[in-house]
Amino acid sequence: MAPRAYWKGSLKLSLVSCPVALYPASTSVEKTRFHMINRETGNRLKQQMVDAETGDVVESDQKARGYELKKGEYVEVEKEELEAVQIESNHTIDIDSFVPKDEIDKRYLNHPYYIVPDGKAGVDAFAVIRDAMKDQDRVALARIVLTNREHVMAIEPLGKGLLGTTLRYPYELRDEDDYFDGIKSPKISKDMIELASHILDTKAGHFDPKKFKDEYENALKALVRRKASGKPIKTAEREEKPDNVINLMDALKASLKGRSAAKRGRHSTARRRPSHRRSPRKARRPATRQRRAS
């Protein structure tokens, strides 16, 4: 079954527009999830809202939204009042500008979506916008309304389609200075930097998400399978972690030595190939000696 579009509307660049559909590019469906159950009956539990002061269960018609002005004091906001300030979607992705891709701070990237043409009518216009961005190597910044909130979206070519990623607003990001100001700037020797650089070179590679393995998720699935089949579960003993007090230079040398030894081991294994037949030169030696003797 084809996935259902999350949003449908038009992608607009000046006077050029085309119908498009948005599909979430990420999913958490495959992740292992647990429900709260009654240990005695095995039935699933349901949650209830309880008054924090009285402990009474609150029915659905008594629930309301409130904004906390100060500790324990709330101002109630009605549903109709919220609807009055909500932004109504015009079902249009309005492109405002194009920026170099490397200027976008990765901390602003939020949720990715695939953008595809919706029907055959706008395929040509879609291709024109996509290919123009490829030629310019730029990312479009656009505005879109999702769930009654306006979002800024970064749009870039991806294969035959487009990738749209909603961006966070500046107020949603924490200031790095609050966390980095306390980091000291020790004087590091040139030898240490060179050793660390050598280690980086030995670990050089390419970005390949196929190599990513969620070890915890795999362990959860294995645990559930064993429990469901009635097999015993072994509890692993936690290993004691060694003290972290080490000599940095010694650690760098040991790391580099370990990588070099492993590399040499791989090369020597590749060179040592068993041979089950004699070389022609060795096979001719007995005949030569026999002629000399005669």
If you count every heavy atom of other residues, nucleotides or ligands that lies below 6.0 Å from [X] atom [atom1], does the total exceed 12?
X: Lys79; atom1: NZ; result: no
X: Glu83; atom1: CD; result: yes
X: Glu172; atom1: CD; result: yes
X: Lys231; atom1: NZ; result: no
X: Arg226; atom1: CZ; result: yes
X: Lys8; atom1: NZ; result: no

Could you pull out the closest heavy-atom pair between [X] and [Y], with the gap in Å?
X: Val123; Y: Gly119; answer: CG2-O, 3.5 Å
X: Ala125; Y: Ser17; answer: CB-O, 3.9 Å
X: Asp51; Y: Glu53; answer: OD1-N, 2.8 Å
X: Lys70; Y: Glu68; answer: O-CG, 3.2 Å
X: Leu162; Y: Pro157; answer: CD2-CA, 3.8 Å
X: Ala140; Y: Ile95; answer: CB-CG2, 3.9 Å

I want to check something: taking the side chain as every heavy atom from C-beta on, are [X] and [Y] in contact at a cut-off of under 4.5 Å?
X: Tyr114; Y: Leu163; value: yes
X: Ile87; Y: Asn148; value: no
X: Val152; Y: Ile144; value: no
X: Tyr179; Y: Arg174; value: yes
X: Leu69; Y: Tyr74; value: no
X: Met133; Y: Ile155; value: yes
X: Val16; Y: Phe126; value: no
X: Val50; Y: Val58; value: no

Side chain to side chain contact (heavy atoms under 4.5 Å, CB included) between Val145 and His151, intermediate numbers included: CA-CA 6 Å; Val145 176; His151 298 266; over 6 Å; no
Whether Phe207 and Phe212 hold their rings parallel, tilted or perpendicular, with breakpoints at 30° and 60°: perpendicular
Just by modelled atom types, is the [Y] backbone N or O under 3.5 Å from a matching donor or acceptor in the [X] side chain?
X: Asp105; Y: Tyr108; value: no
X: Glu78; Y: Leu82; value: no
X: Thr41; Y: Asn43; value: yes
X: Arg44; Y: His35; value: no

Presence of salt bridge, Lys101 and Asp137, under 4.0 angstrom: no
Pair Asp208 + Lys210: basic N to acidic O under 4.0 Å: no
Measure the spacing between [atom1] of [X] and [atom2] of [Y] and express it to the nearest 0.5 Å.
X: Glu81; Y: Arg65; atom1: CD; atom2: CZ; answer: 11.5 Å
X: Leu223; Y: Tyr216; atom1: CG; atom2: OH; answer: 8.5 Å
X: His111; Y: Ser26; atom1: NE2; atom2: OG; answer: 7.5 Å
X: Thr92; Y: Arg143; atom1: OG1; atom2: CZ; answer: 10.0 Å
X: Arg107; Y: Leu109; atom1: CZ; atom2: CG; answer: 11.0 Å
X: Glu103; Y: Leu141; atom1: CD; atom2: CG; answer: 9.5 Å

Check: Tyr113 ring centroid to Tyr6 ring centroid under 6.0 Å: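 Yes, they do, as the ring centres are separated by less than 6.0 Å.
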Pair Phe34-Leu220, side chain to side chain contact (heavy atoms under 4.5 Å, CB included): steps then yes or no: CA-CA 10 Å; Phe34 296 98; Leu220 282 178; 4.1 Å; yes
From CA spacing to verdict: side chain to side chain contact (heavy atoms under 4.5 Å, CB included), Ser60, Met49: CA-CA 9 Å; Ser60 58; Met49 291 290 186; over 6 Å; no
Establish whether [X] and [Y] are linked, either directly or via other cluster members, by ILVMFWY side-chain heavy-atom contacts under 4.5 Å.
X: Leu146; Y: Tyr23; result: no
X: Val128; Y: Ile93; result: no
X: Leu22; Y: Leu13; result: yes
X: Val139; Y: Leu167; result: yes

Pair Ser28-Arg33, side chain to side chain donor-acceptor pair (under 3.5 Å): steps then yes or no: CA-CA 10 Å; Ser28 59; Arg33 298 182 182 276; 2.9 Å; yes
Full working for salt bridge (Lys or Arg N to Asp or Glu O under 4.0 Å) between Glu156 and Arg138: CA-CA 7 Å; Glu156 58 186 300; Arg138 297 222 162 196; over 6 Å; no
Arg168 vs Leu173, side chain to side chain contact (heavy atoms under 4.5 Å, CB included): CA-CA, chis, key distance, verdict: CA-CA 8 Å; Arg168 297 182 176 93; Leu173 286 183; 4.2 Å; yes
